[in-house]
Amino acid sequence: MTPDMLQPLMNAVPMPLVLIGGNERVLAANAAADDLFGALERDRHYVTVLRQPSLLDCIEDALRGAIQRETQFVRRDATRDTTYRAMAAPVRLDGRDGVLLSLEDIGHVEAAVQMRRDFVANVSHELRTPLTAVLGFIETLQGPARYDDSAQQRFLDMMQREASRMSRLIQDLLSLSRVEAAERQRPTGRIDVAGLITSATMTLGPLVQETGVTLEVLGADDALEIPGDADQILQVVTNLMENAVKYGDQRVEVTLSQDDRDPVLRAPAIRIEVRDDGEGIDPIHIPRLTERFYRIDNHRSRELGGTGLGLAIVKHIVSRHRGRMRIESDLGNGSRFVVILPRS
Ligand SMILES: Nc1ncnc2c1ncn2[C@@H]1O[C@H](COP(=O)(O)OP(=O)(O)OP(=O)(O)O)[C@@H](O)[C@H]1O
Ligand SMILES: [Mg+2]
């Protein structure tokens, strides 16, 4: 097969490919390789066109030993580095051993590693803050407040608050990892969404009283059944309602309704809409709200006992139920969180 015949075949492959002949010269390269290395001149010695040392060693080993070799290749440009897994595989051409070099973009693997690194850093930071406080209180109780009954009570109360915070964070992390682990398994039960909204309203009773918010629930008088996991959908409803009460101002409205055909799911669906009249959310934050630990005002959320995991958990649960979530907000005019779940 001549290089002319090879060219269209190689161009059909999306990953960069370079074919080096037994004479150590570039026989052919596909369009992706020309993009990556900048128009590779054919018939030149590969050393003069592929200049990265790790790549050259790898090709040389494959040529000499007729064995497959692998290395990493990093392409640097002005804005970012992209890492590729480069593989040099021996191929027999015209009675001599050549090499086919292929490069696989492994940026997504790096991104996952980076995400895990960020996650560990976030968790450590979130745990360290209350832990430092507890250690400080213990020191005070052992020292200056040793014989002061009222101070002791105060410090114990504060320690309890901080320890509860840590415990909640751990619970939320476990909940998130359980939800993620089961994300690809469809829920098997049937649940009454109206009943779950009523349960969430009762759970949030003390918070509603404390904040003085008026909570109104519409459309949840009659049972409304859908396939789902009751604990998880309760978690979704509670999280959204709790956020609305915490970040809203005076009034929160929860509406349950049905739609014969949701235009995106293309199926009959139910809609749970949670609306508040708080400050609202700047549009730049909206796409990031469901990221773990993402909070618009860290300090305020923390004061309100938040871990920033609520919406991340909601997102995974909704996705497991094959539903979707929409967040809309008019800065200064409150927010609206809508969860749409298929009815069958
Ligand atoms: N109804 C809302 N109005 C304004 N901002 C909101 C609303 N709901 C969520 N947010 C913003 O989104 C952030 C993330 O919400 P999320 O529920 O994930 O975390 P949290 O409420 O801070 O903590 P947690 O839910 O773990 O207690 C919040 O910190 C807040 O800044
Ligand atoms: Mg929340």
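Every number for a ligand or one of its atoms is a count from 1 in the order of the listing. Just so it is clear, the model here is predicted, and its values are computed rather than measured.
No more than 12 heavy atoms of other residues, nucleotides or ligands sit less than 6.0 Å from atom CZ of Arg51.
Side-chain atoms of Glu183 and Ser319 include a donor-acceptor pair closer than 3.5 Å.
With ligand atoms numbered from 1 in the order given, ligand 1 contributes 11 (C), 31 (O) to contacts under 4.0 Å with heavy atoms of Ile296. Residue contact check: Gly308 has heavy atoms under 4.0 Å from atoms 18 (O), 19 (O), 20 (P), 22 (O), 23 (O), 24 (P), 26 (O) of ligand 1. Ligand-side atoms of ligand 1 in range of Arg168: 24 (P), 26 (O), 27 (O), range being under 4.0 angstrom from any heavy atom. Near Gly306, meaning under 4.0 Å from one of its heavy atoms, ligand 1 places the atoms 23 (O), 24 (P), 27 (O).
Salt-bridge annotation for Arg343 and Asp260: present, with a side-chain N of the basic residue lying under 4.0 Å from a carboxylate O of the acidic one. Between Lys246 and Asp276 there is no salt bridge, since none of the side-chain N atoms of the basic residue sits less than 4.0 Å from a carboxylate O of the acidic one. The pair Arg92-Asp97 meets the salt-bridge criterion, with a side-chain N (NZ, NE, NH1 or NH2) lying under 4.0 Å from an Asp/Glu carboxylate O.
Closest non-hydrogen pair, Asp277 versus Asp249, comes out as OD1-N, 2.9 Å. Contact detail for Leu234 and Ser199: the closest heavy-atom pair is CD1-CB, 3.9 Å. When all heavy atoms of Tyr147 and Gln152 are compared, the pair lying nearest together is N-NE2, 4.4 Å.
When Ile281, Leu240, Asn243 are ranked by how near their heavy atoms come to atom 5 (N) of ligand 1, first place goes to Ile281. With distances taken over non-hydrogen atoms, the option nearest atom 24 (P) of ligand 1 out of Asp249, Thr307, Asp297, Val245 is Thr307. Nearest to atom 10 (N) of ligand 1 by heavy-atom distance, out of Phe293, Tyr294, Tyr247, is Tyr247.
A heavy-atom distance below 4.5 Å is found between the side chains of Arg320 and Pro187. Using a 4.5 Å heavy-atom threshold, the side chains of Arg292 and Asn122 count as separate. Taking 4.5 Å as the limit, every side-chain heavy atom of Glu126 sits out of range of all side-chain heavy atoms of Thr307. Taking 4.5 Å as the limit, every side-chain heavy atom of Arg178 sits out of range of all side-chain heavy atoms of Gln232.
With hydrogens left out, the protein atom closest to atom 22 (O) of ligand 1 is Ser301 OG, 2.6 Å, a heavy atom. For atom 15 (O) of ligand 1, the nearest non-hydrogen atom of the protein is Leu311 CD1, 3.6 Å. The shortest contact between atom 29 (O) of ligand 1 and any protein heavy atom is with Arg295 CG, 3.2 Å.
At a heavy-atom cutoff of 4.0 Å, ligand 1 is contacted by no atom of Met241, backbone or side chain. Residue Asp276 touches ligand 1 through its side chain alone, judged by heavy-atom distances below 4.0 Å. In Lys246, the part holding a heavy atom less than 4.0 Å from any atom of ligand 1 is the side chain.
Every N/O-N/O distance between Leu289 and ligand 1 stays at or above 3.5 Å. Between Ala312 and ligand 1, no N or O atom pair is found at a separation short of 3.5 Å.
Residue Gln114 forms a side-chain hydrogen bond (donor to acceptor under 3.5 Å, both in side chains) with just one option from Arg116, Arg117, Glu110, and that option is Arg117.
Protein N/O/S atoms closer to the Mg ion (ligand 2) than 2.8 Å number 1 in this structure.
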